[in-house]
There are 2 protein chains.
Amino acid sequence: MPDPMYRQIAEDLRQKIESGQLPHGAQLPTELELREQYEASRNTVRDAVKWLTTRGLVETRPGQGTFVVEMIDPFITEVTQEYGFGGVEAYLPGYTTDRKLTVTVPRVEIQKAGDIAVPELHLDAGAMVVSRFQQRSIDGTPWSLQTTFYPMRFVEEGAVQLIQATNIDEGAVGYLATKLGIKEAGKRDVMTVRAPDAIEAAIFRLPEDGRVNVFETRRTGYTDDGKPIRLTVTTSPADRNQFVLKVGKVPGTEGQAPAGPEGSHPGGSG
Amino acid sequence: MPDPMYRQIAEDLRQKIESGQLPHGAQLPTELELREQYEASRNTVRDAVKWLTTRGLVETRPGQGTFVVEMIDPFITEVTQEYGFGGVEAYLPGYTTDRKLTVTVPRVEIQKAGDIAVPELHLDAGAMVVSRFQQRSIDGTPWSLQTTFYPMRFVEEGAVQLIQATNIDEGAVGYLATKLGIKEAGKRDVMTVRAPDAIEAAIFRLPEDGRVNVFETRRTGYTDDGKPIRLTVTTSPADRNQFVLKVGKVPGTEGQAPAGPEGSHPGGSG
DNA sequence: GGGTATTTGTCCGTATGTATT
DNA sequence: AAATACATACGGACAAATACC
């Protein structure tokens, strides 16, 4: 039982939300009503609402009110030995199968390699890279951003299609193989979670207070002799994405229920 | 450039942090000093600091001040085809190799199956399960909580060691194989990210405002004929964990730098 | 241990702006 | 245009945690 008044109010509202008394999408009492119900000042009930907001339980809409957040039907990316996580090469929608995936045409830029690309691609500081950027949406909702970096050297050696803003049918990695004989023999995916930057928050329409994190997966592809050939960075909001990995023999895929607000671990702190 | 004053103050401080002018661990000016520097009220500079706090850039310590967060040396869990993510069966520390992993003795409880276990283990509502809970720490810092649920039926059929609060040398899954002939032929891992609950926040010593999320991986193990035999739920803080998956031939593992505050994707929102 | 200064946390009141209906 | 509801910003007061003497 938290001592401060705003926390008591928040816990009371939280209990009402998690018990179903305030279902998804329901409007909370207005700040004025909360102020009367709990006999607190408006700033104090605002602190309580902000506490719930930070936890992703409610969202405020200026001019309308405060609402319990809607449940998001998660997008499930299946991880396979062949593909690894990070990409959208394989995916399964949750519950329904009729979602539509759309991909923007690549935006191609030639840039100085950044703090990630330089070490991952074993480049010298100041080296140039080709970046190919795509945005993926599902049913019109932005779902992931993906940028792949290739050393500029590949273009100079003849892989000119890399700098064209069109989809490469065989895939850019396949194109490198047929054009330059550079084959990807292995890849490493690193998955982290972090707060979104301003661009990601805008594109994904995430609440601007940064409480919804994004997955960031960095995939580095290597040739047989261990030279890195590309770096793919994919970001996707953590509130609408799940990753699934199957190993061995697993029965048919039913939809995965999103994580609910129940305690998975026993109480206590031993 | 954000309009509200508290955002301008926050962006200014953010720029000082990201430029290195305020390095990791450095103390920010006190609220009184900020109030003088920016000619704003104390509540306004507090809003600015709170904005930075929500984004995980700074942390406040009552009686001391506000500080730029320390960089956390991430714990890297390597995902392999054999093991999948979720567990700590295989892991690599970041940068250094001299970290010590400690595991608590299992806490064993017999419970009614919860909202996750019932569907995952194909149980009837109200069925009983054995839960085995362990907490893992690295260098004394709590790193992951893990609970595995087994149908109570296994104990009734003779796997009595499941309900003993001791480590099972061959592993609980291996024990089921030798004792009952129940072999795990496959498993599915589902990875999500969510806000921590109160218990997790306490054990991991996460900031109580819930801005640091936790990974939750649910692993369900299946027999050859597709029957689920166990459900393992692992939670680990997203601020100190990374997951790595290697596919094919990948050169020697150098340490992975944590995600820095640089833009990976091009600007704009087209 | 006690006392004091410093710093953040909580709570109140008020006024004005902005977004939506 | 008017009403409603949240957002921002100011002011003040006291409490709680910490550090230092």
Side-chain angles (χ1 to χ4, degrees), chain A residues 1-14 22 25-70 201-202 205-211, chain B residues 1-14 22 25-70 201-202 205-211:
Chain A
M1 25 231 125
D3 231 2
M5 188 188 305
Y6 80 95
R7 287 269 279 142
Q8 293 182 29
I9 298 172
E11 292 293 350
D12 189 62
L13 290 170
R14 177 200 189 116
L22 286 169
Q27 180 171 9
L28 268 66
T30 67
E31 291 176 346
L32 187 63
E33 290 167 334
L34 288 174
R35 174 182 163 157
E36 291 164 357
Q37 283 182 29
Y38 294 101
E39 292 181 343
S41 77
R42 182 172 169 243
N43 282 327
T44 300
V45 302
R46 272 180 64 79
D47 282 344
V49 170
K50 177 164 280 184
W51 191 88
L52 295 170
T53 301
T54 304
R55 250 134 282 234
L57 292 172
V58 304
E59 63 183 359
T60 58
R61 302 178 205 146
Q64 297 186 48
T66 305
F67 300 85
V68 182
V69 293
E70 293 284 357
R205 297 181 200 119
L206 299 178
E208 55 122 51
D209 65 0
R211 67 174 183 277
Chain B
M1 20 234 131
D3 227 2
M5 188 188 303
Y6 80 95
R7 287 268 282 151
Q8 293 182 30
I9 298 173
E11 292 293 349
D12 189 62
L13 290 170
R14 178 200 188 115
L22 286 168
Q27 180 171 9
L28 267 66
T30 67
E31 292 175 348
L32 187 63
E33 290 167 336
L34 288 174
R35 173 182 162 157
E36 291 164 357
Q37 284 182 29
Y38 294 101
E39 292 181 342
S41 76
R42 183 179 168 228
N43 282 326
T44 300
V45 303
R46 274 179 64 78
D47 282 345
V49 170
K50 177 164 280 183
W51 191 88
L52 295 170
T53 302
T54 303
R55 253 134 278 236
L57 292 172
V58 305
E59 62 183 358
T60 57
R61 300 177 205 147
Q64 296 185 52
T66 305
F67 301 84
V68 183
V69 293
E70 293 283 358
R205 297 180 201 119
L206 299 179
E208 56 121 50
D209 65 0
R211 67 174 182 277

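Just so it is clear: chains get the letters A, B, ... in the order the sequence lines come, proteins before strands, and each one is counted from 1.
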Task: Any Thr66(A) side-chain N or O less than 4.0 Å from OP1/OP2 of dC6(D) - done: yes
Task: Separation of Leu52(B) CG from Thr60(B) OG1 (nearest 0.5 Å) - done: 11.0 Å
Open item on the list: Rounding to an integer number of Å, can you tell me how far Phe67(A) CZ sits from dT20(C) P?
Closed with: 12 Å
TODO: Just call it for Ser41(B): base, sugar-phosphate, or nothing, with non-hydrogen atoms closer than 4.0 Å on any strand.
DONE: base
Task: Euclidean distance, atom CG of residue Asp47(B) to atom C1' of dA7(D) [Å, nearest integer] - done: 10 Å
Open item on the list: With the threshold set at under 4.0 Å for non-hydrogen atoms, list the residues of residues 27-38 of chain B touching DNA chain D in residue-number order.
Closed with: none
Open item on the list: Here's a test for you: under side chain to side chain contact (heavy atoms under 4.5 Å, CB included), which of Leu34(A), Leu57(A), Val58(A) qualifies with Leu13(A)?
Closed with: Leu34(A)
Task: Nucleotide opposite dA1(D) in a Watson-Crick or G-U pair, distances under 3.5 Å - done: none
Task: Minimum-distance nucleotide to Met5(B) side chain [options: dA9(D), dC12(C), dT10(C)] - done: dA9(D)
Task: Electrostatic pair Glu11(A):Arg7(A) at N-O distance under 4.0 angstrom - done: yes
Open item on the list: Just N and O in the side chain of Thr60(A): are any of them under 4.0 Å from OP1 or OP2 of dA5(D)?
Closed with: no
TODO: Figure out the CG/P separation between Asn43(B) and dT10(C), and round it to whole Å.
DONE: 12 Å
Open item on the list: So does Gln64(A) get a backbone contact from the side chain of Gln27(A), meaning a donor-acceptor N/O pair under 3.5 Å?
Closed with: yes
Open item on the list: Please give me the minimum heavy-atom distance between Arg35(B) and Ser41(B), naming the atom from each residue.
Closed with: CG-C, 4.3 Å
Task: Length of the line joining Tyr6(B):OH and dC10(D):P, which is rounded to integer Å - done: 13 Å
- [ ] Starting at atom CZ of Arg46(B), determine the distance to atom C1' of dG11(D), rounded to an integer number of angstrom.
- [x] 15 Å
Open item on the list: Return the CZ to OG1 distance between Arg42(A) and Thr30(A), rounded to the nearest 0.5 Å.
Closed with: 9.5 Å
Task: Contact pattern, 5' to 3', of nucleotides 13-21 of chain D - B, S or - by protein heavy atom under 4.0 Å - done: B---BBS--
- [ ] Go through the steps for Thr44(B) and Tyr38(B) under the test side chain to side chain contact (heavy atoms under 4.5 Å, CB included), then give the verdict.
- [x] CA-CA 10 Å; Thr44(B) 300; Tyr38(B) 294 101; over 6 Å; no
Task: Heavy-atom side-chain proximity of Lys50(A) to Tyr6(A) below 4.5 angstrom - done: no
- [ ] Evaluate the side-chain proximity of Gln8(A) to Asp12(A): yes if any heavy-atom separation is below 4.5 Å, no if none is.
- [x] no
